[in-house]
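Reviewing the structure listed below.
In what follows, every chain begins at residue 1, and chains take the letters A, B, ... in the order their sequences are listed. For clarity, every value in this text was computed on a predicted model and none was experimentally measured.
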Protein chains: 2
Amino acid sequence: MDRRIQKTKDAITEAFVGLMAEKDFEQITINEIADRANVNRGTVYLHYVDKYDLLDQCIETHLNQLFQSCSPAEDTTGFSSKTSLLHTFEYLEQNAFFYSTMLKNKGIPAFRNRLMAMALHGLREQIDMSGINQNMNQEVLVQFLASAVVGVLEWWITHSMPYPATDMVEQFKLLLERFQIVRKELV
Amino acid sequence: MDRRIQKTKDAITEAFVGLMAEKDFEQITINEIADRANVNRGTVYLHYVDKYDLLDQCIETHLNQLFQSCSPAEDTTGFSSKTSLLHTFEYLEQNAFFYSTMLKNKGIPAFRNRLMAMALHGLREQIDMSGINQNMNQEVLVQFLASAVVGVLEWWITHSMPYPATDMVEQFKLLLERFQIVRKELV
DNA sequence: TCGGATTCGTTGATTATTCAACAAAATCAG
DNA sequence: CTGATTTTGTTGAATAATCAACGAATCCGA
């Protein structure tokens with residue numbers, strides 16, 4: 001990819017997220033985004049259909065990154081769930097502004113829903129209904145856990161990460177072990 | 001000016017100054033600058049002849065800005081020397097990284113010399129040889145004062161601005177008043 | 001509701017930047 | 001000193017971004 005494209009997209013994204021932190025989505029204009037990104041307004045349209053598309057693409061890009069952070073490229077080295085969890089928290093830490101802004105902005109319930117969907121998907125893949133879970137209703141259990149996971153992440157991010165990522169990983173591990181979720185990637 | 005030009009120059013300048021803070025000027029390559037600036041190497045050559053020209057232009061640009069910070073556009077509002085001094089210190093504060101890097105880098109004595117030249121010029125313009133200065137040798141006096149001014153600025157910048165700009169302005173004013181330098185712009 | 005202002009979406013010509021490649025010069029290591 | 005590697009300076013074709021402008025749509029205030 002030509003580096004100009006990436007530079008332009010990065011600038012637009014950063015400007016957009018900055019504005020999202022300051023005002024409602026509906027009040028943001030393409031003009032403002034372009035000015036803050038220091039690109040021509042027409043350039044925004046070269047990359048995005050409209051600001052709704054921009055929002056969608058921003059969400060998509062970040063959720064892909066989040067997903068990648070949970071799935072180490074090298075699965076041959078035997079990464080434990082704890083290591084990938086740490087990757088995830090570190091990724092969230094580095095992109096805290098985006099996630100915090102998205103979760104705080106009342107105009108975007110879809111974002112939180114997408115996080116929930118990711119958590120549900122991950123949990124469904126790795127929930128083990130034997131042992132202590134064998135008398136549970138699976139759907140109830142995964143809804144319970146997904147809500148808890150997303151809720152804690154949301155709290156951690158929107159409260160400016162009150163504890164280090166390493167601490168969060170330890171706590172998560174302890175909590176998830178209670179439900180026999182230990183080895184595979186969660187989100 | 002097309003905004004692309006400014007964006008490119010800003011990126012190159014920032015990358016260059018960052019590298020200057022990490023290594024000797026002679027060890028810096030155009031490749032490194034381009035990579036860090038995230039521009040094509042050829043683009044560096046579109047704007048600068050070589051890295052020596054880049055250095056010259058960086059110095060020139062910043063010294064022009066420094067000069068402008070001492071010369072308020074609106075002279076009709078009766079700015080006092082103290083106000084323009086404050087502008088100067090605020091400017092230096094905002095560009096501390098550049099000035100600190102240049103002053104610390106042993107490969108660039110020219111930079112400090114340029115500062116001295118500016119101080120000498122300003123002082124020669126406004127030194128008042130009557131009164132307490134009447135028995136002094138003018139050249140000795142301006143060399144003395146210029147060295148003192150540049151030395152203090154250098155210390156303040158390279159020691160991460162230990163005192164607020166406002167304090168520095170007060171001190172400068174007190175010091176310069178001892179030499180009957182009060183009203184006009186200094187640097 | 002109406003008129004003015006603002007924003008949006010688009011177009012076309014121009015321009016700055018990109019990329020790949022080449023040869024020359026400089027640097028580095030044995 | 002010599003050969004390999006790196007850096008420099010340059011070239012040309014392609015591409016992304018710029019700018020100005022236009023008409024349509026939307027918003028805002030009287």
Gap between atoms CD and P, on E32(B) and dT6(D) respectively (whole Å): 13 Å
Between atom CG in L19(B) and atom P in dT7(D), what is the gap in whole Å? 13 Å
Quick one: what's the B/S/- string for nucleotides 13-27 of chain D, heavy-atom cutoff under 4.0 Å, read 5' to 3'? --BBBBB-B------
Using whole Å, report how far OH of Y52(B) lies from C1' of dG9(D). 14 Å
Do D10(A) and Q6(A) get their side chains close enough for a donor-acceptor pair, meaning under 3.5 Å? yes
Distance-only polar pair, side chains of E90(A) and Q94(A), donor-acceptor under 3.5 Å: no
Step-by-step side-chain contact (heavy atoms from CB on, under 4.5 Å) determination, L63(A) to F111(A): CA-CA 9 Å; L63(A) 292 187; F111(A) 184 69; 4.0 Å; yes
Send over the distance from Q27(B) CD to dT6(D) P, rounded to a whole Å. 17 Å
Report all side-chain donor-acceptor pairs from residues 155-166 of chain B shorter than 3.5 Å, counting only partners two or more places apart or in another chain.
from, atom 1, to, atom 2, distance (Å)
W156(B), NE1, Y163(B), O, 2.9
T158(B), OG1, E154(B), O, 2.6
H159(B), ND1, W155(B), O, 3.1

Hey, is the side chain of Y45(B) poking within less than 4.0 Å of OP1 or OP2 on dG9(D), counting only N and O atoms? yes
Strictly by modelled atom types, are Q68(B) and N64(B) linked by a side-chain donor-acceptor pair under 3.5 Å? no
Assess, by modelled atom type and distance only, whether the side chains of Q171(A) and D167(A) contain a donor and an acceptor separated by less than 3.5 Å. no
Atom-to-atom span, CG of D50(A) to C1' of dT10(C) - whole angstrom: 14 Å
